[in-house]
Amino acid sequence: MASNVEAPERWYLALLGFAEHFRTSSPPKIRLCVHCLQAVFQFKPPQRIEARTHLQLGSVLYHHTKNSELARSHLEKAWFISQQVPQFEDVKFEAASILSELFCQQNLVDSAKPLLRKAIQISQQTPYWHCRLLFQLAQLHTLEKDLVSACDLLGVGAEYARVVGSEYTRALFLLSKGMLLLMERKLGEVHPLLTLCGTIVENWQGNPIQKESLRVFFLVLQVTHYLDAGQVKSVKPCLKQLQQCIQTISTLHDDEILPSNPADLFHWLPKEHMCVLVYLVTVMHSMQAGYLEKAQKYTDKALMQLEKLKMLDCSPILSTFQVILLEHIIMCRLITGHKATALQEISQVCQLCQQSPRLFTNHAAQLHTLLGLYCISVNCMDNAEAQFTTALRLTTHQELWTYIVTNLASVYIREGNRHQELYSLLERINPDHNFPVSSHCLRAAAFYIRGLLSFFQGRYNEAKRFLRETLKMSNAEDLNRLTACSLVLLGHIFYVLGNHRESNNMVVPAMQLASKIPDMSVQLWSSALLKDLNEALGNTMDAHEAAQMHQNFSQQLLQDHIAACSLPEHNLINWTDGPPPVQIQAQNGPTTSLASLL
């Protein structure tokens, strides 16, 4: 009798052992693994084994093959059978979790949602699975851009975690909710939530790595909030804390001790991913502040780390990090006069987006914006307009929309014959009245654009008023590029008005700041003005030195201009519709002319 009871267990364990051996072989032998698991059903196993085997088969087929229909069939059976077996939570909820993932992959979101809701409803006595399924459904709503439903679920999760005594997971739910509220620009709700999170994080006594990872999450939200608001100077204390925090985490060893509360069995991001994220927000800060060499240094570090991680980890968040880093370094290259390199990196972003439709959907507007900025740098104004117009059509993000409109306005100003379109745009980004976003940096840039237009129209007193407003705002938050641009334009105005001394007082610090950034266009502009100023003042030696500087900058920009326009990737300026072009045809040399900043 005893042997009859043990027999099925022995055959089951043997088949399971073989299946696992084939699954973990190098390379994995998935077909043999599936055969072993399917053989289990020949023995008419009890419901527990039957449900678990369906789950294992569904999981293997989902993760290792393209046979999604068979995977779905097994997972549905696992979910159905496991609901009839008492105390079988792990199989039941894992089946629901993987099955909903599969539904989403097949674009059957309307099948995934009720499945997850049912699983959440019946998992309240199983804290780990209840929290995990709430996170999963919240993520699904987020991907659908239904941030209100996602926030509601995260709020439910936070309250549940509090009831089951998990302050750690409560903080994760609240921080996740804070992240979505920031995305929705609900700043009135964000501030009290972040204050509460800060208190929970500081008071929580637990695993040091978990505590520090909560602090990183909290500080990343604070830093990005400041950067979104264009407050480059105000963010510095938070950014410094964040950098210290990631250094602390890198010295801590991962404890193998599992938390006593099953609801605590979560982590926000792996340590290595957090490290890249901190590099990323540092690059964002350096870019906004105009410390471009620092931005370059941290981008190189982050990209090197990403290359190592991507060899072992195919997590989609790594590609997202890579694209955002490239977006920032491309802007740096265009400012520092490395257009050819910027263009090749734009092409790299295109390739990354070709590999992931979701990545392209989330970054298409940014990609066309970057191409628009490149077009300005090579004086292809019609293409710049087409790229910015495409980007505006694709974005729903208010800050990006404002940034694009500001740059499109600069294109219309340079073209000089688009008055109706220009005034229509300027009405929508009026810094004196109903400015569309709370960003300090973008509002300062809007004043600069008004000053630039007034300069071209010969309304110099009005231009000075706008530019002094830009200077006041950019000095308040260390926005070095805007400061340099405003100073050189003011210097140009004073030069035109014949006030050479005041012009010199503006152009010299503009040149110093532009060299420190370094901003090649402002250096070119400043050196041309310094040459004319010194000639007017009779300073022959200084005029000659400035002329030599201007000649050097012109040569560098011309060589880079020719190199960029000769690349096959230059044809990307003609792409305004659909996914990124797969192959870019070479063309016969440059077709555009070099233009200085004005």
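Throughout, numbering of the chain's residues begins at 1 and tracks the sequence.
- Distance NZ/Lys339 to CD1/Ile562: 10.0 Å, rounded to 0.5 Å.
- Between Ser100 and Gln136, the side chains place a donor N or O and an acceptor N or O closer than 3.5 Å (distance only, hydrogens not considered).
- Side-chain contact check for Gln243 versus Leu239: some heavy-atom pair is nearer than 4.5 Å.
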>> ring pair (Phe, Tyr, Trp, His ring centres under 6.0 Å) for Phe135 and Phe266? Distances and angles first, verdict last.
In response: CA-CA 11 Å; Phe135 275 126; Phe266 296 95; 5.6 Å; yes
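- Surrounding CZ of Arg358 are at most 12 heavy atoms belonging to other residues, nucleotides or ligands under 6.0 Å away.
- For the residue pair Ser319 and Gln355, no side-chain donor N or O sits within less than 3.5 Å of a side-chain acceptor on the partner.
- Leu325 contributes atom CG, which lies 13.5 Å from atom NZ of Lys301 (distance to the nearest 0.5 angstrom).
- Checked by atom type and distance alone, the side chain of Ser213 never pairs as donor or acceptor with a backbone atom of Trp268 at under 3.5 Å.
- Formation of a donor-acceptor pair under 3.5 Å by the His368 side chain with backbone atoms of Thr576 is not found in this model.
- Residues passing the ring-ring contact (aromatic ring centres under 6.0 Å, His included) test with Tyr403: none are found, sequence neighbours excluded.
- A side-chain donor-acceptor contact under 3.5 Å links Gln296 and Asp300.
- The pair Glu469-Arg450 does not meet the salt-bridge criterion, since no charged nitrogen lies less than 4.0 angstrom from a carboxylate oxygen.
- Using bins of under 30°, 30° to 60° and over 60° for the plane-to-plane angle, the ring pair His273/Phe321 lands in the perpendicular bin.
- Residues forming a ring-ring contact (aromatic ring centres under 6.0 Å, His included) with Tyr374 (at least two apart in sequence, or on another chain): His570.
- Taking 4.5 Å as the limit, every side-chain heavy atom of Leu154 sits out of range of all side-chain heavy atoms of Leu134.
- Atom CD of Gln556 and atom CG of Asp560 lie 9.0 Å apart (nearest 0.5 Å).
- By the 4.5 Å heavy-atom criterion applied to side chains, Ile330 and Val349 are counted as neighbours.
- Looking at heavy atoms from C-beta onward, Trp575 lies out of side-chain contact with Thr390 at the 4.5 angstrom threshold.
- Taking CG of Leu400 as the start and OG1 of Thr369 as the end, the distance is 4.5 Å to the nearest 0.5 Å.
- Residues Thr320 and His363 form a side-chain contact, since some pair of their non-hydrogen atoms from C-beta on lies under 4.5 Å apart.
- Shown here for Pro436 and Trp401, the closest heavy-atom pair between the two residues is CG-CZ3, 4.1 Å.
- More than 12 heavy atoms of other residues, nucleotides or ligands shown are found within 6.0 angstrom of CD on Glu144.
- Between the side chains of Tyr62 and Glu101, at least one donor-acceptor pair of N or O atoms lies under 3.5 Å.
- A distance-only check finds no donor-acceptor pair linking the side chain of Ser356 to the backbone of Cys353 [under 3.5 Å].
- Separating the NZ atom in Lys308 from the CD atom in Glu272 is a distance of 11.0 Å, to the nearest 0.5 Å.
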>> I'd like to know whether Ser410 forms a side-chain contact (heavy atoms from CB on, under 4.5 Å) with Ile376, so could you lay out the CA-CA distance, the side-chain angles of the two residues, the decisive distance to 0.1 Å, and finally the verdict.
In response: CA-CA 9 Å; Ser410 80; Ile376 290 176; 4.1 Å; yes
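- The closest donor-acceptor contact from the side chain of Trp204 to the backbone of Asn207 lies at 3.5 Å or more, if one exists at all.
- Of the possible donor and acceptor atoms, none in the side chain of Lys294 sits under 3.5 Å from a partner among the backbone N and O of Val283.
- Put simply, the side chain of Thr395 never gets that close to the backbone of Leu392: no donor and acceptor are under 3.5 Å apart.
- Within the 3.5 Å criterion, the main-chain N or O of Pro431 finds a donor-acceptor partner in the side chain of Arg443.
- Under the 4.5 Å side-chain criterion, counting only non-hydrogen atoms from C-beta, Leu467 is not in contact with Leu452.
- Under a 3.5 Å cut-off, the side chain of Ser347 and the backbone N or O of Leu343 do not form any donor-acceptor pair.
- Donor-acceptor pairing under 3.5 Å is lacking for the side chains of Gln210 and His267.
- Judged by distance alone, with hydrogens and angles left aside, the side-chain atoms of His328 form no donor-acceptor pair with the main-chain N or O of Met287 at under 3.5 Å.
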> Could you go step by step and tell me if Val235 and His285 meet the side-chain contact (heavy atoms from CB on, under 4.5 Å) rule?
Replying inline: CA-CA 8 Å; Val235 76; His285 174 260; 3.3 Å; yes
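- Comment: Lys310 does not engage Glu307 in a salt bridge, judged by the lack of any side-chain N to carboxylate O separation of less than 4.0 angstrom.
- Here the straight-line distance linking atom CG of Leu102 with atom OG of Ser97 works out to 11.5 Å at 0.5 Å rounding.
- Using modelled atom types and a 3.5 Å distance limit, the side chains of Glu477 and Ser234 yield a donor-acceptor pair.
- Using a 4.5 Å cut-off on side-chain heavy atoms (C-beta onward), Leu193 and Lys177 make contact.
- Under the 3.5 Å distance criterion, with hydrogens and angles disregarded, no donor-acceptor pair is assigned to the side chains of Ser149 and Asp152.
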Contacts table for residues 183-192: side-chain donor-acceptor under 3.5 angstrom, sequence neighbours left out:
from: Arg185; atom 1: NE; to: Glu399; atom 2: OE1; distance (Å): 3.0
from: Arg185; atom 1: NE; to: Glu399; atom 2: OE2; distance (Å): 3.2
from: Arg185; atom 1: NH1; to: Leu182; atom 2: O; distance (Å): 2.3
from: Arg185; atom 1: NH2; to: Asp228; atom 2: OD2; distance (Å): 3.2
from: Arg185; atom 1: NH2; to: His397; atom 2: NE2; distance (Å): 3.0
from: Arg185; atom 1: NH2; to: Glu399; atom 2: OE1; distance (Å): 3.1
from: His191; atom 1: ND1; to: Leu187; atom 2: O; distance (Å): 3.2
from: His191; atom 1: NE2; to: His225; atom 2: NE2; distance (Å): 3.1

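- Looking at every heavy atom in both residues, Thr470 comes nearest to Ala444 through OG1-O, 3.3 Å.
- The shortest distance between side-chain heavy atoms of Lys236 and Asp478 falls below 4.5 Å.
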